[in-house]
Amino acid sequence: MKKVRIYVTYKPSVFDPQGETITSAVQSLGYPQIKKIGVGKFFDVQLDDSTDLEQTISEVAEKLLVNFNLETYRYQVLEEQK
């Protein structure tokens, strides 16, 4: 078994209204040193060992998880269990 975390975030050129709102709130709470907060999401996926990891993650991201007009993704293998 493999456990993979897929991170989905806005592209750098896309305005992030939630991130801007949170940044303003944090600054108003007395943390002016924080200049920008970006909002994203992650998905934890478990795959069996026979799965082609790269192909499967790519297909799932492209078909379901990511709006490529606004977002990008990356993934990290968290653990492999036998």
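The first residue in the sequence is number 1, and the count goes up from there.
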Distance-only polar pair, side chains of Glu54 and Ser58, donor-acceptor under 3.5 Å:
no
Can you tell me if CD on Glu59 sees more than 12 non-hydrogen neighbours from other groups inside 6.0 Å?
yes
Donor-acceptor pair, distance only, cut-off 3.5 Å: does the side chain of Gln27 make one with the backbone of Ile34?
yes
What pair of heavy atoms forms the shortest contact from Asp49 to Lys2, and how long is it?
OD1-CG, 3.8 Å
For Asp48, which residues count as a side-chain hydrogen bond (donor to acceptor under 3.5 Å, both in side chains) partner, sequence neighbours excluded?
Ser50, Thr51
So do Glu71 and Thr9 actually touch side chain to side chain, heavy atoms under 4.5 Å?
no
In the structure I gave you, are the side-chain heavy atoms of Leu65 and Ile6 within less than 4.5 Å of one another anywhere?
yes
When rounded to the nearest 0.5 Å, the distance separating CD of Glu62 from CG of Asn67 is 12.5 Å
Whether Phe42 and Tyr7 hold their rings parallel, tilted or perpendicular, with breakpoints at 30° and 60°
tilted
Got Leu53 and Val77 here, is their nearest side-chain heavy-atom distance under 4.5 Å?
yes
Taking every heavy atom of Thr23 against every heavy atom of Lys35, the minimum-distance pair comes out as CG2-O, 3.6 Å
Is there side-chain contact between Leu47 and Ile57, with at least one heavy-atom pair below 4.5 Å?
yes
Quick one: do Phe68 and Leu70 end up in the same hydrophobic cluster if we chain Ile, Leu, Val, Met, Phe, Trp and Tyr together by side-chain heavy atoms under 4.5 Å apart?
no
If hydrophobic clusters are built by linking Ile, Leu, Val, Met, Phe, Trp and Tyr wherever their side-chain heavy atoms come under 4.5 Å apart, do Tyr31 and Ile22 end up in the same one?
yes
Side-chain contact test, heavy atoms from C-beta onward, threshold under 4.5 Å: evaluate it for Asp44 versus Val4 and give yes or no.
no
Using the rule given for side chain to side chain contact (heavy atoms under 4.5 Å, CB included), can you reason through Arg5 versus Phe43, listing the C-alpha separation, both sets of side-chain angles and the distance that settles it, and then say yes or no?
CA-CA 6 Å; Arg5 182 165 289 162; Phe43 303 89; over 6 Å; no
Hey, quick one: are Leu29 and Ile37 part of the same hydrophobic cluster, counting side-chain heavy atoms closer than 4.5 Å, chains of contacts allowed?
yes
ILVMFWY network linking Val66 to Val60, side-chain heavy atoms under 4.5 angstrom:
yes
Could you check whether any side-chain N or O of Asp16 sits under 3.5 Å from a backbone N or O of Val39, counting only pairs where one atom can act as donor and the other as acceptor?
yes
